[in-house]
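Proteins get letters first, then strands, A, B, ... in listed order; numbering begins at 1 in each. Note that the structure is predicted; figures quoted are calculated from it, not measured.
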Amino acid sequence: MTADTTDTTEPMQATQATIVRFDRTERALHWVNAVLVLGLLATGLALYAGPISTVIGRRPLVKAVHVWSGLLLPVPVIVALAGRWGAALRADLATMNRWTADDRRWWRRSARRGARLGKFNPGQKLNTAFVGGSLAVLLGTGIVMRWFEPFPDTWRTGATFAHDWFAFGLGLAVAAHVVLALADPVSLRAMRRGTVPVGWARRNRPRWHEETTGMPSGDARDDG
Amino acid sequence: MAADRDDGDAGAPFGRRVFLALLGLGAAGVVWGAKAQDLMERALGPITAKDGSGLSSLLPVGRFRIYTVTGGFPTRSTDEYRLRIDGLVDRPLDLSYDDLLSIEPSHLTRDFQCVTGWRVRDVMWTGVRLSDLLDMAGVKSAATALHFTSFDGLYTESLTLDQARRDDMLVAYQMEGEPVSRDHGGPVRLYVAPMYGYKSLKWLDGIEVTSEVRTGYWEQAGYDTDAWIGDSNGRDDEPVG
């Protein structure tokens with residue numbers, strides 16, 4: 001999670017050519033979200049799991065941190081999406097929203113080799129929608145839990161119920177995301193420094209490579 | 001899925017559908033989650049409440065949630081433990097843990113219902129009936145209520161004398177056949193079966209017999225003093241008792 005200051009514009013060199021995968025806005029949003037979400041999961045666990053609650057104690061403080069981090073969560077997203085600086089983010093969200101014929105092919109293991117993916121694979125698309133939807137539900141149910149007075153009391157119970165289960169799901173999704181990212185140095189670098197090698201894009205994301213470089217991906221030589 | 005066959009490169013708006021489906025699921029959870037939880041608790045509660053490993057207690061079903069109003073969890077060993085009973089009584093008492101154990105025990109198996117909505121079914125409590133302790137101390141005629149204090153130094157509770165004389169009011173030292181743990185309010189806590197959980201003060205160390213009701217910690221924050229389950233705090237849970 002260290003900020004990398006070596007990020008400069010990348011010249012397209014023949015030897016170690018790279019292309020931009022995530023711009024500054026996207027990376028900043030990613031890491032701000034990562035801190036908030038990990039903080040929410042940690043404080044949530046401390047509030048939820050009896051044995052951990054009793055080790056950590058300080059319930060009012062943990063609760064305040066949890067509630068305020070949760071309320072803060074939409075702010076970076078809105079700021080990142082709203083301005084001129086959000087163009088790449090908006091474009092990526094539009095791409096992630098769409099489920100193409102190649103994505104369907106990729107999902108079938110037998111046909112995966114023939115799938116020519118765009119910028120994101122279907123697992124990444126699914127993860128984005130799932131994490132986004134879960135966070136929205138967790139925020140909404142969290143608000144009902146915290147400010148329960150105007151609602152019927154079954155809603156308070158129901159919100160707690162939904163909050164618990166969605167938090168479980170989100171925790172699993174985040175754990176899987178972190179494990180997969182740590183196992184993939186290129187993706188990790190893409191989110192730390194913003195770029196990926198051209199060769200990686202050509203092999204793994206051929207449609208995106210074509211759109212970005214204007215060069216055909218199919219007959220390009222693998223430069224490893 | 002035929003409707004998803006959006007030909008051309010763009011493809012179907014799959015991400016938005018997943019996002020909206022999750023929002024729908026969340027909303028359904030808020031509205032019907034209490035019912036779903038109730039069904040699951042009936043099915044799984046007997047297993048999770050009694051599982052000694054503590055692992056199943058992490059499932060959001062039929063489990064106690066551990067609350068404290070102070071920064072931490074007060075600890076008092078059974079050796080150090082004292083229970084004072086004073087105020088409007090003929091014989092003020094100062095009981096040790098062993099003194100409590102030497103009094104004829106009562107057993108009570110009842111649901112534990114929290115005002116925030118969770119319920120643990122069929123919890124077995126063992127302890128001394130509050131009315132037995134009152135008889136030992138001898139209540140004066142001017143008395144109408146009890147004021148309870150916790151050795152967390154902050155939490156307080158109250159009962160009227162009539163409520164306290166019911167036979168489902170325990171000064172409990174065992175839960176599910178084990179000594180009440182520190183997290184559950186041990187070594188000794190109050191168990192007020194027919195009322196919401198906040199009446200069942202944890203870490204009990206003092207009972208003062210008073211001439212009028214002095215409201216407790218949560219009651220000063222707006223919760224009902226007569227906290228009958230299903231008939232207070234605007235809730236309609238199934239009564240206990």
Review point. With only heavy atoms counted, which part of A/Phe151 is less than 4.5 Å from chain B, the side chain, the backbone, both or neither?
Key: neither

Exercise for review: In plain terms, say whether A/Arg205 and A/Glu210 are close enough for a salt bridge, that is, a side-chain N and a carboxylate O under 4.0 Å apart.
Suggested key: no

Point to revise | Under the side chain to side chain contact (heavy atoms under 4.5 Å, CB included) test, residues paired with A/Ile78 that sit two or more places apart | key: A/Pro74

Review point. What option among A/Val62, A/Val131, A/Leu126 has the most heavy-atom pairs under 4.5 Å with chain B?
Key: A/Leu126

Check your understanding: With the threshold set at 4.0 Å, does a side-chain nitrogen-carboxylate oxygen contact exist between B/Arg121 and B/Asp111?
Key -> yes

Study note, to complete from the structure: Whatever's closer than 4.5 Å to a heavy atom in chain A on B/Asp236 counts as both

Check your understanding: Which residues, numbered in order, of residues 132-142 of chain A come under 4.5 angstrom of chain B by heavy-atom distance?
Key -> A/Gly132, A/Gly133, A/Ser134, A/Ala136, A/Val137, A/Thr141

Revision key, fill the gap. When the 4.5 angstrom heavy-atom criterion is applied to A/Phe166 and chain B, the contacting part is side chain

Point to revise | A/Phe22 six-ring centre to A/Arg27 NZ/CZ under 6.0 Å and within 45° of normal | key: no

Please list, one pair per line, the donor and acceptor atoms closer than 3.5 Å that link side chains of residues 37-46 of chain A to other protein atoms, with sequence neighbours excluded.
unit_1: A/Thr43; atom_1: OG1; unit_2: A/Gly39; atom_2: O; d: 2.8
unit_1: A/Thr43; atom_1: OG1; unit_2: A/Leu40; atom_2: O; d: 3.3
unit_1: A/Thr43; atom_1: OG1; unit_2: A/His66; atom_2: ND1; d: 2.9

Practice item. Could you tell me whether a side-chain N or O of B/Arg235 sits under 3.5 Å from a main-chain N or O of B/Val115, the two making a donor and an acceptor? Key: yes

Point to revise | By side chain to side chain donor-acceptor pair (under 3.5 Å) - contacts of B/Asp226 (at least two apart) | key: B/Gln163

Check your understanding: How about B/Tyr196 and B/Asp237: does a side-chain donor come under 3.5 Å of a side-chain acceptor?
Key -> yes

**Study point:** Atom group of A/Thr154 that falls short of 4.5 Å from chain B, counting heavy atoms
**Key:** both

